[in-house]
Student: 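Sharing a structure here in structure tokens format.
Excluded from the calculations below are hydrogen atoms, water molecules and symmetry mates; all remaining heavy atoms, backbone and side chain alike, are included.
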Amino acid sequence: MKRLIFTLLLVLAPITVAFCQSNNDKADNIVGTFEIVSGGEKARVAVTKNQAGTYDIKMCWAENPYNPDGSRALDVKNPDKSLRNVPIDKVVLVKGLQYDKAKKQWSGAKIYDPSRGIRANVVCTLTDKNDLFLRATILGIGESQEWKRINDR
């Protein structure tokens, strides 16, 4: 029985990988709106293609864009002081994400984490049509997150 299961896994693994890779065949497959659930808070981001042919990711909605005192939450932890007055639901998270056709993934940019005020290298892949997997790393240490598409391109 163990041999049968092991054999099935060996046969199905390449098929599963090939299916996942088909979602990454076209650079524009990443374009759309995705929902993030992190620490119990929900937010939405828009992935768009810019004039340079690369991709940007910008917050477009936050479940709670206000501070406890009722004032608008701002990007106060941004290392770029000129961006600290940007409302939290308008923050640009990634600029210039590039599609790597050989690796069938998007990379070559940094992702910004407004909750910590840090930037990290990011690699993105679509694990299926509606699931965007992100891996952010700094000096080899990283975190992963999966975002769910909430619209069709």
Student: Do Asn50 and Tyr55 come close enough that some side-chain heavy atom pair is under 4.5 Å?
Tutor: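 No, too far: nothing below the 4.5 Å cut-off.
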Student: Which pair of heavy atoms, one from Pro65 and one from Arg72, lies closest together, and at what distance?
Tutor: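 Reported closest heavy-atom pair: CB-NH1, 3.4 Å.
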Student: Would a 4.5 Å heavy-atom cut-off, applied to side chains only, mark Pro87 and Asp75 as touching?
Tutor: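 With C-beta onward as the side chain, the pair stays apart.
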Student: Closest approach of Leu126 and Leu132, non-hydrogen atoms and distance?
Tutor: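 Scanning both residues, the minimum pair turns out to be CD2-CD1, 3.9 Å.
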Student: Quick check: do Val45 and Trp147 have side-chain heavy atoms less than 4.5 Å from each other?
Tutor: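 The answer is yes; the side chains approach within 4.5 Å.
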Student: State plainly whether one hydrophobic cluster holds both Leu74 and Val91, where clusters connect Ile, Leu, Val, Met, Phe, Trp and Tyr through side-chain heavy atoms under 4.5 angstrom apart.
Tutor: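 In one cluster with Leu74: Val91, no.
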Student: Below 4.5 Å, heavy atoms only, C-beta onward: do Ile57 and Ile111 meet side chain to side chain?
Tutor: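 Ile57 vs Ile111: side chains apart.
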Student: Identify the two heavy atoms, one from Gly70 and one from Tyr66, that lie closest to each other, and give their separation to 0.1 Å.
Tutor: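 Scanning both residues, the minimum pair turns out to be O-CD2, 3.6 Å.
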Student: Kindly say whether Gly96 contributes a backbone atom to a donor-acceptor pair with the side chain of Asp56 at under 3.5 angstrom?
Tutor: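 Yes.
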Student: Linking I/L/V/M/F/W/Y whenever their side-chain heavy atoms sit closer than 4.5 Å, directly or via other members, would Phe133 and Ile30 fall into one cluster?
Tutor: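 No, Phe133 and Ile30 fall in different hydrophobic clusters.
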Student: Using a 4.5 Å cut-off on heavy atoms from C-beta on, say whether the side chain of Ile118 contacts that of Lys77.
Tutor: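 Side chain of Lys77 against side chain of Ile118, heavy atoms only: no contact under 4.5 Å found.
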Student: Under a 4.5 Å cut-off applied to non-hydrogen side-chain atoms, are Lys148 and Phe34 in contact?
Tutor: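 With C-beta onward as the side chain, the pair stays apart.
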Student: Please determine, by modelled atom types, if Tyr99 and Asn24 share a side-chain donor-acceptor pair under 3.5 angstrom.
Tutor: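 No pair is found: no donor N or O on one side chain lies under 3.5 Å from an acceptor on the other.
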Student: Do the side-chain N and O atoms of Arg44 and Thr33 include a donor-acceptor pair separated by under 3.5 angstrom?
Tutor: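 Side chains of Arg44 and Thr33: no pair found under 3.5 Å.
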Student: Say you draw a straight line from CD of Gln98 to OG of Ser107; how long is it, rounded to the nearest 0.5 Å?
Tutor: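 Answer rounded to 0.5 Å: 7.0 Å.
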Student: Counting only N and O atoms by type, is there a donor-acceptor contact under 3.5 Å from the side chain of Asp100 to the main-chain atoms of Lys104?
Tutor: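 Not a single qualifying donor-acceptor pair exists.
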Student: Considering only heavy atoms from C-beta outward, does the side chain of Trp61 approach that of Asp89 to under 4.5 Å?
Tutor: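 No. Closest side-chain heavy atoms not under 4.5 Å.
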Student: Restricting to non-hydrogen atoms, name the atom on Ala120 and the atom on Thr137 that form the minimum distance, rounded to 0.1 Å.
Tutor: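 Scanning both residues, the minimum pair turns out to be CB-O, 3.5 Å.
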Student: Measuring from atom CD of Glu146 to atom CD of Glu35, what distance do you get when rounded to the nearest 0.5 angstrom?
Tutor: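 Reported to 0.5 Å precision, the distance equals 12.5 Å.
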Student: Answer yes if Val47 and Val92 sit in the same cluster of Ile, Leu, Val, Met, Phe, Trp and Tyr residues linked by side chain heavy atoms under 4.5 Å apart, and no otherwise.
Tutor: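 No, because Val47 and Val92 fall into different hydrophobic clusters, even though each may have its own neighbours under 4.5 Å.
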Student: With rounding to the nearest 0.5 Å, note down the distance linking CG in Asn78 to CZ in Arg119.
Tutor: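 Those atoms lie 5.5 Å apart.
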Student: Where do Val122 and Lys110 come nearest, in terms of heavy atoms and distance?
Tutor: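 Scanning both residues, the minimum pair turns out to be CG1-C, 4.3 Å.
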Student: Taking CD in Glu143 as the centre, count heavy atoms belonging to other residues, nucleotides or ligands within less than 6.0 Å. Is the count above 12?
Tutor: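 No, the 6.0 Å shell around CD holds no more than 12 heavy atoms from other groups.
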Student: Between Arg149 (side chain) and Val31 (backbone), is there a donor-acceptor pair under 3.5 Å?
Tutor: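 Looks like yes, one N/O pair under 3.5 Å.
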Student: Determine whether Lys42 and Ile36 make a side-chain contact, defined as any pair of heavy atoms from C-beta on separated by less than 4.5 Å.
Tutor: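 Contact flag for Lys42/Ile36 side chains = no.
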Student: If we ignore hydrogens and angles and just use 3.5 Å, is the side chain of Trp106 paired with the main-chain N or O of Ala27 as donor and acceptor?
Tutor: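 The answer is yes, because a donor-acceptor pair under 3.5 Å joins these two groups.
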Student: Output the distance between atom SG (Cys60) and atom NZ (Lys90), rounded to the nearest 0.5 Å.
Tutor: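 These two atoms lie 8.0 Å from each other.
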Student: Please report the interatomic distance CD(Glu41) to CD1(Ile88), rounded to the nearest 0.5 Å.
Tutor: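 If I round to the nearest 0.5 Å, the distance is 10.5 Å.
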